[in-house]
Structure formats: structure tokens, C-alpha cells
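So the structure is just underneath, and the comments pick up after that.
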Amino acid sequence: MNMAAQGFAVVQAFEHDVLAGLNAAQKTLPCKYLYDEAGSRLFEEICALEDYYLTRTEADIFARKIDAMAQALGPDVTLIEPGAGNCAKAEPLLQAMYTPAAYLPLDISPEILFAARQRIQQRMPGLPISPAVGDFTSPAVWRELPETAGRKVVFFPGSTIGNFTPEQARSLLGLFADQVQTGDGLLLAADLVKDSVVLERAYHDSNHVTEAFNKNLLHRINRELDGSFNIDAFAHRAFYHRLRRRVEMHLVSLKEQVVEVCGRQFHFAEGETIHTENSHKYTLATLEELLHSTGFQPQQYWTDHQQHYAIYYAEAV
Ligand code: AVI
């Protein structure tokens with residue numbers, strides 16, 4: 001597919017998913033659409049917030065334990081990173097690893113990926129780096145990766161696994177398992193169950209950045225799908241669902257209203273919500289269960305002193 005055809009397919013998928021989501025009994029929008037250019041910038045801002053403990057907790061674990069992780073991964077390993085973005089997390093890991101064989105980052109955004117390759121290549125000139133552009137949940141993009149000899153490790157930081165339902169998480173790790181051989185590895189980060197006040201503050205921050213991030217989806221629909229959302233007529237809501245062990249993000253209609261998208265009308269009752277994101281939280285036990293059920297044997301994990309966040313190294317059996 002050429003770039004123009006690819007762009008058209010992306011717009012079509014967005015339109016299809018938004019119309020289907022707004023037609024559902026519980027209105028819903030897939031969280032991947034939160035990340036247009038403005039959304040990605042807002043997400044970066046979220047990561048720097050005091051209330052959003054996830055990014056700094058993960059960074060702290062990496063900073064303290066990177067050598068132990070590199071040792072667990074072993075020598076001559078090809079590191080594969082789905083959703084690599086600017087590859088900022090892989091770079092220190094590659095530096096700490098003993099003679100890494102290659103780095104294969106996958107991401108939807110070619111610009112960010114190719115800029116990152118150039119940056120890492122300058123710092124590690126001998127390291128073969130082969131990026132693949134596409135959606136890492138689709139097996140097609142994995143087929144673009146070059147064949148490599150030796151052991152492979154899939155690197156999946158950021159607690160992105162939390163944005164998948166348990167069923168989707170199993171099928172995603174199953175897809176990762178399909179890419180590796182027995183003895184190959186998976187380095188996986190996940191956010192852990194904790195006090196709901198801490199969780200809810202992280203997704204309803206006092207600087208209102210997460211609110212802007214959530215509402216940006218309505219701006220995007222207005223712009224790209226000829227939508228008529230009155231942004232001020234919706235409120236940001238985020239709460240921890242104890243039974244489902246997840247933070248849910250919603251947009252709440254503040255009044256009864258009708259909104260048009262792509263020439264279709266959608267009715268909202270006062271208080272009705274659009275469910276825009278799930279962020280699942282794991283315990284060490286549920287995380288190990290997930291790994292086992294997808295063919296990975298947990299080997300080692302690292303956490304912070306409050307056990308807010310965990311990074312697991314597991315090997316394919
Ligand atoms: C990308 N992902 C791990 C974030 C999370 O915490 O679930 C997305 C996010 N949504 C609101 N704030 C951050």
C-alpha cells in the first residue's frame with residue numbers, strides 16, 4: 001500500500017470505529033485514537049505530572065536495576081520493541097546489554113521511529129537497527145522484521161499491557177510468544193493494584209492534563225469526522241473499578257443532547273458516558289498467571305519499594 005492509500009485506510013478505520021462505538025449501548029471509543037499529534041503531546045505532559053506516578057516509578061526501577069536486567073537477558077540478544085515510539089527506554093537497556101545482536105523497534109509512526117534510529121545509530125554505530133512501521137497488534141507488521149540468528153527478547157515497557165482487556169492481553173502476549181523460540185525472553189512492565197486514591201489521582205490529575213487528553217478525542221472527531229461535539233457539554237471522569245481491577249476513563253454528557261458525526265446523529269441522555277479507556281492493574285500473582293497462560297515462565301521481577309509497579313523478565317517455554 002502506498003502512503004496515500006495507507007492514510008485513507010487509517011481515516012476509514014477511524015470513521016468506522018467511531019460510528020460503531022457511538023452506536024453501542026455503552027458508547028465507547030478505542031483508546032488508541034487518543035494519540036493523535038495533540039494527544040501524544042498531552043500524554044507526554046501526563047508522564048511528567050506529580051500525580052501520574054507510573055512513568056517516574058518505572059524510570060526509577062530501570063535506573064536502579066538496568067544492569068541486573070541486562071544480565072538476565074544475556075549476551076548476543078536481539079531486542080524487539082513493539083510500540084517503541086522514540087525508543088528512549090530501549091537505549092539505556094541496549095547500552096547496558098552485553099553485545100546486543102540487533103534492535104528491532106516497531107511503531108505506527110515512521111517519523112518518530114526513523115529519527116530514533118538515527119539517534120541510536122550515532123551512539124551505537126555497530127548495532128544493526130531495523131525498524132518496522134505498523135500496528136504491533138497485527139501479525140502483518142511482525143512479518144516485516146528481518147530474520148535474526150540467536151536469542152530474541154521482546155521488550156514491552158510503559159505498562160501499555162494495562163490498556164488491553166485481560167482477553168486482549170492474553171492474545172497480545174500470545175502474538176509475542178509466536179515470534180520467539182523456547183528460551184527467548186519477554187521483558188514486560190505493568191502497573192500494580194494499589195490504593196484507589198493514588199490510582200484515581202493519577203487519572204484525574206490536579207493539573208487537568210488528563211482531562212484535556214480525554215477531551216482531545218472529541219476535538220479530533222470534530223476535526224476529522226465533521227463532528228459537532230460541544231466539548232464543554234462533557235466532563236472527564238476516571239474511577240477505579242475494584243472488581244475489574246482497572247481505572248476506567250469516561251466522558252460524561254452534562255445534559256441531554258444530540259451530536260452529529262459524519263452526518264449521523266447520536267443521542268446522549270444527561271449523565272450518559274462514552275467509555276474511552278481502560279487501564280488494568282495487576283497483582284504479582286495475576287501478572288504471573290498471564291505470563292504462564294501465554295507460554296512464558298517468569299524468571300525474575302523488579303519493583304519499587306512501595307510495590308506500585310513491576311517489571312518482569314520471563315522466558316518462553
Ligand atoms: C499508555 N498507558 C499506559 C497510559 C495508562 O496509564 O494507562 C495511558 C493514560 N491514560 C491516561 N493517562 C495515561
Side-chain angles (χ1 to χ4, degrees), residues 28-62 81-90 105-109 112 135-137 155-166 168-169 172-173 187-220 234-241 244-252 273-282 286-287 290 304 308-312:
T28 177
L29 293 168
C31 65
K32 64 179 175 185
Y33 294 121
L34 289 164
Y35 301 89
D36 63 348
E37 214 183 301
S40 302
R41 244 182 292 117
L42 285 164
F43 179 61
E44 268 181 44
E45 262 185 67
I46 289 174
C47 291
L49 292 172
E50 181 64 30
D51 290 337
Y52 192 74
Y53 60 86
L54 288 84
T55 311
R56 67 166 179 282
T57 307
E58 183 187 75
D60 173 62
I61 301 171
F62 274 123
E81 188 181 6
N86 65 8
C87 310
K89 292 176 185 172
L106 291 88
D107 203 85
I108 199 88
S109 164
I112 298 177
D135 177 352
F136 64 78
T137 60
F155 178 43
F156 200 48
S159 75
T160 309
I161 194 69
N163 298 128
F164 294 81
T165 63
Q168 292 166 337
L172 184 64
L173 293 199
L187 192 60
L188 173 77
D191 193 25
L192 299 178
V193 168
K194 60 186 64 63
D195 188 314
S196 61
V197 174
V198 177
L199 285 168
E200 288 177 357
R201 210 188 304 126
Y203 293 84
H204 208 137
D205 64 274
S206 50
N207 302 63
H208 304 282
V209 186
T210 314
E211 175 180 344
F213 174 66
N214 199 8
K215 288 187 173 180
N216 176 59
L217 193 47
L218 302 184
H219 283 294
R220 182 176 181 185
F234 286 84
H236 168 68
R237 181 186 291 163
F239 60 90
Y240 182 59
H241 193 304
R244 297 196 174 131
R245 291 205 184 104
R246 69 189 191 195
V247 175
E248 292 191 8
M249 220 163 68
H250 292 253
L251 288 160
V252 190
T273 74
I274 313 175
H275 186 178
T276 50
E277 189 188 59
N278 289 318
S279 194
H280 290 83
K281 307 303 166 189
Y282 285 85
T286 59
L287 204 47
L290 172 67
D304 54 292
H308 273 184
Y309 199 92
I311 303 174
Y312 260 85

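Whatever order the structure lists ligands and atoms in, that order sets their numbers, starting from 1.
Residue-ligand proximity: G158 is placed with a non-hydrogen atom under 4.0 Å from ligand 1.
Residue F213 approaches ligand 1 through these ligand atoms, each under 4.0 Å from one of its heavy atoms: 10 (N), 11 (C). Contact atoms of ligand 1 toward Y35: 1 (C), 8 (C) (distance under 4.0 Å to a heavy atom of the residue). Shown in contact with Y203 at under 4.0 Å from a heavy atom are these atoms of ligand 1, numbered in order with element: 5 (C), 6 (O), 7 (O), 10 (N), 11 (C), 12 (N), 13 (C). Atoms of ligand 1 found under 4.0 Å from any heavy atom of S159, numbered from 1 in the order shown, are 3 (C). Heavy-atom contacts of Y52 reach the following atoms of ligand 1: 4 (C), 5 (C), 6 (O), 12 (N), 13 (C) (cutoff under 4.0 Å). Close contacts of ligand 1 with S279, meaning ligand atoms under 4.0 Å from a residue heavy atom, involve 5 (C), 6 (O), 7 (O). Against a heavy-atom cut-off of under 4.0 Å, E277 is close to the following atoms of ligand 1: 8 (C), 9 (C), 10 (N), 11 (C).
Residues T276 and Y33 form no side-chain contact, since every pair of their non-hydrogen atoms from C-beta on lies 4.5 Å or further apart.
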Pair D205-Y52, side-chain contact (heavy atoms from CB on, under 4.5 Å): steps then yes or no:
CA-CA 7 Å; D205 64 274; Y52 192 74; over 6 Å; no

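Nearest protein heavy-atom neighbour of atom 2 (N) of ligand 1: N163 OD1, 2.8 Å.
Residues satisfying the salt bridge (Lys or Arg N to Asp or Glu O under 4.0 Å) test with E248, not counting sequence neighbours, are R244, R246.
Partner of D191 under the side-chain hydrogen bond (donor to acceptor under 3.5 Å, both in side chains) criterion, chosen from Y53, Y282, Y309: Y53. When each of H236, E277, H204, H250 is checked for a side-chain hydrogen bond (donor to acceptor under 3.5 Å, both in side chains) with N214, only H236 meets the rule.
Neither the backbone nor the side chain of V247 has a heavy atom within less than 4.0 Å of ligand 1.
The two atoms that bring A189 and P157 nearest to each other are CB-CA, 3.8 Å, heavy atoms only.
Side-chain polar atoms of T57 and D304 form no donor-acceptor pair below 3.5 angstrom.
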